[in-house]
Amino acid sequence: FPSHDTTNNSNVTIGGLTRGTAFGVSGSPATNAWGTTLSVTNLTSATTAVAANSFITFTIKANSGYVLSITNIAAYNVRRSSTGPTSGQWQYSTNGSSFTDIASAITWGTNNNSSGNAQNGIAINGISALQNLSSSTTVTFRCTIWGASSNTGTWYLNNFQTGNDFELAGTVASTNSPPSPTISISGSLFTVNTSYGTASTTPTSFMVSGADLTEGIRVTRPAYRDWE
């Protein structure tokens with residue numbers, strides 16, 4: 001079953017982390033980690049890993065009325081046993097079938113204890129195919145995994161910090177046009193005849209208001225010659 005996200009933008013839809021069939025479902029799971037035993041050995045590349053279903057995936061798409069731009073996978077941590085997978089390659093697809101590599105293949109590291117191996121963040125904002133995506137496009141991220149020397153070797157995304165342990169970052173923008181500014185005027189100004197020090201017997205006033213404005217309203221008085 002997918003491991004569902006715990007935090008997301010309300011204007012996107014996330015498909016949780018899933019494991020390919022090369023990952024087993026038996027045995028005792030590791031504490032504070034997501035992954036399992038890799039039951040396939042003798043895998044030497046991303047191509048052989050895909051053929052053996054040795055990968056993890058998740059999906060993301062913008063909701064209707066929004067566009068999505070993906071900027072990066074944040075730094076994360078991988079935990080592996082001494083006979084577990086040694087290498088991996090992140091990839092993406094915008095049609096669910098044709099995948100493109102993201103950056104270079106990764107060597108997971110040699111630390112086999114619960115602290116795992118720190119992985120650098122991966123920049124994605126330079127990939128034009130993953131920018132300004134409408135709700136009709138679902139992006140699938142896939143990490144192919146290979147290099148296990150035993151069918152009891154394990155691989156996990158590790159819980160290595162307080163807060164979120166695996167994050168995909170980006171921006172979401174509305175495709176709806178902003179409302180047009182409106183200005184309303186109520187009341188009228190009539191000619192007022194009075195003398196200095198004496199209140200007018202016919203006071204008058206008006207009100208100016210606005211909605212969806214990008215700037216304030218300025219009212220300039222008429223340049224009457226006898227204005228006091």
Cluster link [X] to [Y], ILVMFWY, side chain under 4.5 Å:
X: Phe141; Y: Phe99; value: no
X: Ile106; Y: Val78; value: yes
X: Ile217; Y: Met207; value: no
X: Ile102; Y: Leu133; value: yes
X: Tyr156; Y: Phe55; value: no

Answer whether the closest heavy-atom distance between the side chains of [X] and [Y] falls below 4.5 Å.
X: Thr86; Y: Thr107; answer: no
X: Ile70; Y: Ile124; answer: yes
X: Leu17; Y: Thr57; answer: no
X: Ser114; Y: Arg79; answer: yes
X: Thr140; Y: Asn95; answer: no
X: Leu38; Y: Asn151; answer: no
X: Phe58; Y: Phe166; answer: yes
X: Val172; Y: Val67; answer: no

Judged by atom type as modelled, is there a donor-acceptor pair below 3.5 Å linking the side chain of [X] to the main-chain atoms of [Y]?
X: Asn53; Y: Ala22; answer: no
X: Asn113; Y: Ser115; answer: yes
X: Arg80; Y: Trp155; answer: no
X: Ser54; Y: Ile145; answer: yes
X: Arg142; Y: Ile56; answer: no
X: Gln91; Y: Thr144; answer: no
X: Gln119; Y: Asn117; answer: yes
X: Asp101; Y: Ala103; answer: no
X: Thr37; Y: Ser39; answer: no
X: Ser81; Y: Thr154; answer: yes

Interatomic spacing from [atom1] in [X] to [atom2] in [Y] - rounded to 0.5 Å:
X: Ser82; Y: Asn112; atom1: OG; atom2: CG; answer: 5.0 Å
X: Ser174; Y: Tyr66; atom1: OG; atom2: OH; answer: 5.0 Å
X: Ile127; Y: Thr94; atom1: CD1; atom2: OG1; answer: 11.0 Å

Query - Evaluation steps, side-chain contact (heavy atoms from CB on, under 4.5 Å), between Tyr92 and Leu130 - result: CA-CA 9 Å; Tyr92 74 89; Leu130 298 181; 3.7 Å; yes
Query - Cationic tip of Arg19 above Trp34 ring, under 6.0 Å, 45° of axis - result: yes
Looking only at non-hydrogen atoms, find the nearest pair between [X] and [Y] and report the distance.
X: Tyr76; Y: Asn120; value: CE2-O, 3.8 Å
X: Lys61; Y: Thr137; value: CB-O, 3.4 Å
X: Ser87; Y: Trp108; value: O-NE1, 2.9 Å
X: Ser93; Y: Ser98; value: OG-O, 2.8 Å

Requested in this report: Apply side-chain contact (heavy atoms from CB on, under 4.5 Å) to the pair Asn63 and Ser135, showing each step before the final yes or no.
Outcome: CA-CA 5 Å; Asn63 292 343; Ser135 59; 5.8 Å; no
Query raised in the report: Given Ile60 and Leu68, is the side-chain contact (heavy atoms from CB on, under 4.5 Å) satisfied, shown in steps?
Result: CA-CA 9 Å; Ile60 184 170; Leu68 168 67; 3.9 Å; yes
**Report entry** From Asn158, Asn159, Leu157, residue fulfilling side chain to side chain contact (heavy atoms under 4.5 Å, CB included) relative to Asn77
**Finding:** Asn158
Report summary line: Joining Ile, Leu, Val, Met, Phe, Trp and Tyr whenever any side-chain heavy atoms lie under 4.5 Å apart, the cluster holding Val40 also takes in Leu43, Trp146
Report task. Answer yes or no: does atom CG of Asn111 have more than 12 heavy-atom neighbours from other residues, nucleotides or ligands under 6.0 Å? Result -> yes
Query raised in the report: How about Gln161: does its CD atom have over 12 heavy atoms from other parts shown lying under 6.0 Å from it?
Result: yes
Requested in this report: Go through Thr13 and Asn8 one step at a time and tell me if the side-chain contact (heavy atoms from CB on, under 4.5 Å) criterion holds.
Outcome: CA-CA 8 Å; Thr13 298; Asn8 64 40; over 6 Å; no
